[in-house]
Amino acid sequence: MSDGSPPHDRVWEVFRQEAEGDPMIHSGNVRAPDEELAMHYAREFYGRRQESNRLWVVARDAITELDDPDLLKPPFDRSFKRPGGYLIKHKLEAAKARAGTPAAGEAQE
Amino acid sequence: MNDQERADAFYAHVVGGGKVEADDWMPDDYRAAVLKFVEMHANSELMGVLPEREWILRAPTLKRKLALTSKVQDEVGHAQLLYRVAEDLGKPREEMLADLMAGKTKFHNVFHYPTRSWGDVGIIAWLVDAAAIVSQQALRDSSYAPYARTMKKICWEESVHIMHGRDVVLTLMNGTARQRQMVQEALDRWWGPLMQMHGPPTDPATDRDLIWKIKSKGNEQLRQEFLSIYVPRIWELGLTVPDPELGYDEVEGRWHYTEPDWAELRNVVTGHGPMSQERLEFRRTNHAATQWVRDAVLGAPSAAA
């Protein structure tokens, strides 16, 4: 900061992995002038009880966010995108009856 | 949508149990209320280490010294996490620290009192932290989501402090008659401030922090919960709670107690407690003495000169 501007630091978001293989979960954030010091703070806040397997620090301004419900939760029927959107029980029974294969419960006979 | 409609929709959202993130739009009233609440909490964590810090060099064993040092580090860490939450609401950390040191903002009443013996250290870590965790657990449901998330982490660490405090108290209670007396004297000193700590009962119909779900439980409800959990644990050790009116009313389903001294509470939190000025002076001296560290870290020109 040799230009005489006031000192400034940035906000870094901290992500923590609890155990090997776990997802990285957002934990909070720290304020620091660079990533080295941000990681020191993150370690002191989120890793001093052996509760973390891995930490990430990401500059907040490097994150792009989308939370628009019109895009993420559109009010249309999206059931065709989920397994539960397909109700096959009665169709399967009808298909089996048509084919003459044993229905459930009669399999032992 | 005009501003009023937008605010109405916002309040309907939080009253209905909805959550708010830092970069969501929020009315100024809500922002100011959350900021005030979180800032006071952060101040309390920062000032709360000073009474305990006084005992690090006088801890009776190495293990106690390590535990106490760790607790102090935890509490300063909580202050940092909470100041971050507050900063994102728009008030810079430097300004919050300046306001604290100038006596413009408050911190919890219990940190305005002296610590006379090692018994006080046990009672503070056990019961002051217990009274605090009762309210902090309720804040995990706060409508302001960054605060609620931070409280989950803080509560987890506070539960360690309570065990540390209870262990200190139990060790003394299993010791000599003089040590048991030390705990009783500490309890006698701290009971008044403990009963004041959650604040006077508020009217749920007008308490905005409650209506907007910034906090989820009222002052009196928190005090009742504290009494229900901790009075039996105090009594079972053979200690006497210094309040002849204290007792549980089975019919009403609530604890009766002598009305706490609300005038003392007001007096203490406005900077007129027995240690208020000394503790603030320590904070000011410490802030000035560590300025070079902040300058070095932030690369301020004065540090290079």
Side-chain angles (χ1 to χ4, degrees), chain A residues 1-19 22-53 55-73, chain B residues 9 13 18-25 45 66-67 69-89 92-94 96-97 145-154 156-161 291-305:
Chain A
M1 313 288 158
S2 53
D3 60 353
S5 66
H8 71 281
D9 43 20
R10 303 161 74 186
V11 175
W12 304 77
E13 298 294 343
V14 181
F15 295 80
R16 187 171 79 82
Q17 182 186 47
E18 197 157 298
D22 280 357
M24 302 299 294
I25 295 177
H26 181 247
S27 303
N29 50 63
V30 298
R31 217 181 79 177
D34 58 37
E35 57 201 342
E36 187 185 359
L37 199 58
M39 191 54 93
H40 278 296
Y41 284 139
R43 201 185 75 203
E44 287 298 327
F45 288 138
Y46 300 100
R48 69 178 182 277
R49 291 178 201 278
Q50 300 171 342
E51 72 269 42
S52 297
N53 186 63
L55 294 174
W56 285 351
V57 296
V58 182
R60 176 180 276 181
D61 51 24
I63 293 175
T64 307
E65 182 177 86
L66 173 68
D67 69 344
D68 183 346
D70 287 345
L71 296 173
L72 294 172
K73 299 195 172 174
Chain B
H13 176 69
K19 304 291 176 190
V20 181
E21 293 291 342
D23 51 2
D24 290 348
W25 181 87
E45 298 278 1
L66 286 170
T69 310
S70 171
K71 181 177 189 307
V72 165
Q73 187 193 12
D74 284 351
E75 310 286 17
V76 174
H78 298 169
Q80 298 234 30
L81 295 170
L82 291 164
Y83 281 128
R84 276 279 339 115
V85 172
E87 271 183 312
D88 280 347
L89 290 162
R93 184 160 61 192
E94 291 69 25
M96 290 188 273
L97 291 173
Y147 188 36
R149 286 194 293 268
T150 302
M151 292 321 298
K152 283 182 189 145
K153 173 178 164 56
I154 290 180
W156 179 60
E157 295 184 358
E158 290 292 348
S159 62
V160 182
H161 303 165
Q291 184 60 45
W292 70 272
V293 179
R294 289 184 294 281
D295 289 345
V297 165
L298 295 168
S302 57

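On a predicted model such as this, the values are computed, not experimentally measured, just so you know. Computation of the quantities below employed the complete heavy-atom set of this structure, encompassing side-chain atoms and omitting hydrogens, waters and symmetry-equivalent molecules. Lettering follows sequence order; numbering is per chain, from 1.
- Inter-residue side-chain proximity for B:Glu87 and A:Val11 is flagged as unmet; no heavy-atom pair is nearer than 4.5 Å.
- Contact annotation for B:Asp24: only side-chain heavy atoms (C-beta onward) come within less than 4.5 Å of a heavy atom of chain A.
- For B:Glu21, no part lies near chain A; criterion is any non-hydrogen pair under 4.5 Å.
- Expressed to the nearest 0.5 Å, how far CZ of A:Arg31 lies from CG of B:Leu298 amounts to 7.5 Å.
- At a 4.5 Å heavy-atom cutoff, A:Asp34 makes no contact with chain B through either its backbone or its side chain.
- Between the CD atom of A:Glu51 and the CD atom of B:Glu157 there is a distance of 7.0 Å, given to the nearest 0.5 Å.
- Contact tally against chain A (heavy-atom pairs below 4.5 Å) for B:Arg149, B:Arg93, B:Lys152, B:His78: the top residue is B:Arg93.
- Around atom CD of B:Gln291, more than 12 heavy atoms belonging to other residues, nucleotides or ligands sit under 6.0 Å away.
- Between the CG atom of B:Leu81 and the OH atom of A:Tyr46 there is a distance of 4.5 Å, given to the nearest 0.5 Å.
- Only the side chain of B:Lys153 comes within less than 4.5 Å of a heavy atom of chain A; its backbone N, CA, C and O stay farther away.
- Neither the backbone nor the side chain of B:Val85 comes within contact range of chain A; no heavy atoms are under 4.5 Å apart.
- Heavy atoms of A:Val30 lying under 4.5 Å from chain B belong exclusively to its backbone.
- The distance from atom CZ of B:Arg84 to atom CZ of A:Phe45, rounded to the nearest 0.5 Å, is 10.0 Å.
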| field | B:Asp88 and A:Arg60: CA distance, side-chain angles, deciding distance, salt bridge (Lys or Arg N to Asp or Glu O under 4.0 Å) verdict | value | CA-CA 12 Å; B:Asp88 280 347; A:Arg60 176 180 276 181; 2.6 Å; yes
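- For the pair B:Gln80 and A:Glu44, the minimum side-chain heavy-atom distance is 4.5 Å or more.
- Other residues, nucleotides and ligands contribute at most 12 non-hydrogen atoms within 6.0 Å of the CD atom of A:Glu36.
- The side-chain heavy atoms of B:Val297 and A:Asp9, taken from C-beta on, include no pair separated by under 4.5 Å.
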